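Just below is one structure, and these are the notes that go with it.
Predicted model only: the values in this text are computed from it and were never measured. Atoms within a ligand are numbered from 1 in the order they appear, just like the ligands themselves.
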Amino acid sequence: MSYDPSNIFARILRGEIPCKKVFEDEHVLAFEDIRPLAPTHVLVIPKGPYISVQDFAEQAGEAEIVAFVRAVGRIARERGIDATGHRILANHGADGRQEVPHFHLHLVGGRDLGRMLPRE
Ligand code: AMP
């Protein structure tokens, strides 16, 4: 599967559609999720064309990976959810129900998030 440059996050990165920006540097963009599931629901994306976490882990350079992980920590601290607790997740593929095929982490917090997954 090759990267689809028409996905919505690629369009945000190209400035074709707006986002509520939270953080940006050379390698990373973070913005508010359009359908937030918690008081804080930020999407953190690399600027490079990576489909999934596996793709990012295998293909990204060290500077991109370091910038990405540091951005996640920085945003959590700035939102005050480092102290209160939060959840970081990445959906992948069909079972993970990934909707947008550009790698992203969901950073959610600001309330009790309950158990990680409902039991079937
Ligand atoms: P996922 O299922 O992990 O691919 O989640 C994709 C996320 O992107 C969902 O939480 C959507 O609400 C969010 N989303 C989709 N379009 C936009 C957009 N234009 N701006 C911000 N968030 C978006």
Distance filter under 4.0 Å to [X] heavy atoms, resulting ligand 1 atoms:
X: L43; answer: 8 (O), 13 (C), 22 (N)
X: H106; answer: 1 (P), 3 (O), 5 (O), 7 (C), 10 (O)
X: H104; answer: 1 (P), 3 (O), 4 (O), 5 (O), 6 (C)
X: F31; answer: 21 (C)
X: R35; answer: 11 (C), 12 (O)
X: E32; answer: 21 (C)

So which heavy atom in the protein is nearest atom 8 (O) of ligand 1, and how far is it from that ligand atom?
->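 In this structure, atom 8 (O) of ligand 1 has F9 CZ, 3.4 Å as its nearest protein heavy atom.
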Closest protein heavy atom (residue, atom, distance) for atom 4 (O) of ligand 1 |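 Ranked first by proximity to atom 4 (O) of ligand 1 is E99 N, 2.7 Å.
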Give a yes or no on whether the backbone of P5 and the side-chain of R14 come within a donor-acceptor separation of less than 3.5 Å.
->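 Yes: the side chain of R14 pairs with the backbone of P5.
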Can a non-hydrogen atom of K20 be found less than 4.0 Å from any atom of ligand 1?
->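 The answer is no: ligand 1 sits nowhere under 4.0 Å from a heavy atom of K20.
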Exercise: identify the closest heavy-atom pair between N7 and H102 =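 Between these two residues, the closest heavy atoms are OD1-CB, 3.4 Å.
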Nearest heavy atoms of A10 and Y3, plus distance in Å =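 Distance-wise, the nearest heavy atoms are CB-OH, 3.3 Å.
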Check Q59, E58, E64 against Y50 for a side-chain hydrogen bond (donor to acceptor under 3.5 Å, both in side chains) and give me the one that passes.
->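 Of Q59, E58, E64, side-chain hydrogen bond (donor to acceptor under 3.5 Å, both in side chains) with Y50 is met by E64 alone.
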Check: N91 N/O within less than 3.5 Å of ligand 1 N/O =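 Checking ligand 1 against N91, an N or O pair does fall under 3.5 Å apart.
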N or O contact, D33 vs ligand 1, cut-off under 3.5 Å =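 So ligand 1 has an N or O lying under 3.5 Å from an N or O of D33.
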When you measure from atom 2 (O) of ligand 1 to each heavy atom in R97, H41, H92, which option holds the nearest one?
->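 Of the listed residues, R97 has the closest heavy atom.
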Shortest reach to atom 21 (C) of ligand 1 by a heavy atom, considering only V100, I17, I34 =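 Considering heavy atoms of V100, I17, I34, the nearest to atom 21 (C) of ligand 1 sits in I34.
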E16/R11 ion pair, N-O < 4.0 Å |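 Looking at E16 and R11, the cut-off is met.
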Sort out for me which residue in L29, V72, V69, I88 forms a side chain to side chain contact (heavy atoms under 4.5 Å, CB included) with V44.
->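 Of the listed options, the one satisfying the test is V72.
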Tell me, with the steps shown, if K47 and E24 meet salt bridge (Lys or Arg N to Asp or Glu O under 4.0 Å).
-> CA-CA 10 Å; K47 289 188 171 177; E24 181 171 19; 2.7 Å; yes
Measure the acute angle between the ring planes of F9 and H104, then classify it against the limits of 30° and 60° as parallel, tilted or perpendicular.
->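 Rings of F9 and H104: perpendicular, as their planes differ by over 60°.
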F103, portion touching ligand 1 at heavy-atom distance under 4.0 Å |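 Neither; nothing of F103 gets under 4.0 Å from ligand 1.
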Using the benzene-type ring in the case of Trp, are the ring centres of F31 and F23 under 6.0 Å apart?
->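 Distance test on ring centres: not under 6.0 Å, no.
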